[in-house]
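Numbered from 1 within each chain, the chains take letters A, B, ... in sequence-line order.
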Number of protein chains: 2
Amino acid sequence: MAKNDLIKDLGPIAQRTMADVVEKELREYLKKKSFKPGDALPSENELAEALGVSRNVVREALSRLRMLGMIETKKRRGMILSTPDILGSFERVLDPLIIDDSTLQDIFELRLTLEMGLADILYLRKTKKDIEELEAIAKSQDPRGKGQAFRINNEIAFHGKIYRMTGNETLTRFQNMLLPIFGYVISLEKVPQIGKVSHIDLVNILKDGTKEEFRQGMLEHLKPHFNRLKK
Amino acid sequence: MAKNDLIKDLGPIAQRTMADVVEKELREYLKKKSFKPGDALPSENELAEALGVSRNVVREALSRLRMLGMIETKKRRGMILSTPDILGSFERVLDPLIIDDSTLQDIFELRLTLEMGLADILYLRKTKKDIEELEAIAKSQDPRGKGQAFRINNEIAFHGKIYRMTGNETLTRFQNMLLPIFGYVISLEKVPQIGKVSHIDLVNILKDGTKEEFRQGMLEHLKPHFNRLKK
DNA sequence: TACATTTGATATGTACTACATAAATACAAT
DNA sequence: ATTGTATTTATGTAGTACATATCAAATGTA
């Protein structure tokens with residue numbers, strides 16, 4: 001049997017460390033006991049003894065949960081369960097340089113999907129004031145290009161404002177995190193292309209147009225990106 | 001000055017532990033040296049000595065990076081940088097029970113946004129075979145309710161298939177993670193409501209209809225959820 | 001009694017040591 | 001050339017020790 005086949009059939013044995021096990025164990029423990037935010041956890045020593053591992057291992061596992069914001073620790077008081085920032089952990093990993101190309105492409109498409117799906121919530125929440133601010137941003141953007149960096153900043157300012165207009169903080173933060181990826185993928189293209197519908201056009205649609213018109217306008221605006229998608 | 005103002009102005013001093021600092025330090029180190037996946041890292045002892053902390057602290061920081069999939073460790077060989085699973089960390093935190101209500105609502109809307117934005121990529125990639133499979137799923141679903149659990153499973157199967165049809169693995173996994181949240185928020189409503197457009201209707205649109213018709217159909221299908229959104 | 005101060009106990013944070021274990025390397029043997 | 005053996009090295013785990021912050025109780029004071 002060829003070596004490649006062997007690798008395919010067997011693969012490396014996943015060797016889990018005690019810290020891995022304890023992390024999982026703790027997570028299940030928290031779930032099982034249905035701890036609520038603010039509830040106190042047993043001390044590190046108690047956990048270590050109960051699990052039959054060294055305090056060291058417990059601390060490595062706790063360190064992970066702490067990073068995710070699932071627990072907070074105070075000296076003497078002990079540890080309490082808290083409500084994690086769900087995007088915090090995400091943020092740590094979103095570096096274009098360490099993400100594989102396939103996933104980068106996926107994220108690129110994910111962002112396009114969000115952009116095309118915004119219209120409904122946007123039209124539910126947009127205010128006159130918001131549109132005025134968006135217009136100000138769009139007008140400050142000279143269509144005559146001043147280089148790649150300037151163009152990308154424009155994009156960020158404009159689209160970022162649109163997300164903020166939805167009033168959805170998680171969504172806004174999320175798209176903000178996706179921006180570097182998006183920018184990275186765009187930077188790979190040789191000749192930057194611009195859609196037929198400009199930012200100003202979109203603002204005008206937001207003023208008088210319907211949801212459907214806005215969606216159509218956004219599609220046109222993003223057309224160059226959609227055109228690059230592979231079937 | 002009232003106490004609340006004080007808290008607002010000053011806030012608690014964020015007491016960062018050495019592990020926090022080392023984690024950040026390591027992350028910057030990896031970035032600065034522009035390590036690529038597969039590259040070997042210094043040993044724990046070397047890192048500890050260089051940073052002037054105990055090996056213990058270094059291990060707590062490394063444990064976090066290991067959880068995120070940023071590094072892999074093998075005995076004797078040492079540590080190597082690897083490409084993290086960007087959704088892996090996300091998954092760990094997505095428990096409806098520990099997320100605050102405001103964020104739950106945000107995620108609910110995020111999922112609706114994705115659903116409404118899918119049409120373009122879906123129409124780019126859908127195949128005849130996919131539609132047939134989707135139809136099979138839709139037809140196996142008896143519209144006469146068999147209880148909440150059955151209805152939710154139907155939703156998951158059908159919409160899950162739609163996401164898979166986009167060929168975007170990250171997107172598919174992402175929505176799969178959002179499902180528990182979505183289900184949880186829905187379960188809070190007293191009287192379950194069903195949109196005018198059924199799954200079978202959506203399949204039929206996919207067969208013959210346009211992108212815009214599909215989007216309109218999806219909007220109708222999700223109408224009960226959209227109606228619950230607050231302005 | 002009410003309030004301020006001191007003291008003690010406790011849980012986390014950090015350091016250090018020790019050893020088991022796995023794995024790469026070199027070398028010997030069949 | 002493949003297999004077996006010894007050595008070395010880095011991680012994985014255990015355990016001890018102590019600093020530090022903080023809660024709680026005890027003590028002192030008006």
Shortest non-hydrogen separation from A:Y163 to A:L114 and the atoms involved: OH-CB, 3.5 Å
Please check if the side chain of [X] supplies one atom and the backbone of [Y] the other of a donor-acceptor pair under 3.5 Å.
X	Y	answer
B:R125	B:T166	yes
B:S63	B:R59	no
A:T170	B:D106	no

What is the distance, to the nearest angstrom, from the [atom1] atom on [X] to the [atom2] atom on [N]?
X	N	atom1	atom2	result
B:R16	D:dA21	CZ	P	18 Å
B:E72	D:dG12	CD	C1'	17 Å
A:L41	C:dT12	CG	C1'	13 Å
A:K74	C:dA11	NZ	P	17 Å
A:E49	D:dA14	CD	C1'	14 Å
A:N45	D:dA14	CG	C1'	13 Å
A:I71	C:dA11	CD1	P	16 Å
A:L47	C:dT12	CG	C1'	13 Å

Quick one: ring-ring contact (aromatic ring centres under 6.0 Å, His included) pairs with a partner in residues 35-82 of chain B, sequence neighbours left out?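 Found B:Y29-B:F35.
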Show every ring-ring contact (aromatic ring centres under 6.0 Å, His included) that has at least one partner inside residues 40-89 of chain A, sequence neighbours left out.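 Sorted pair list comes back empty.
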When you check the phosphate oxygens OP1 and OP2 of D:dT11, does a side-chain N or O of A:T17 lie under 4.0 Å from one of them? no
With B for base contact, S for sugar-phosphate-only contact and - for none (protein heavy atoms under 4.0 Å), nucleotides 15-21 of chain C reads BB-B--B
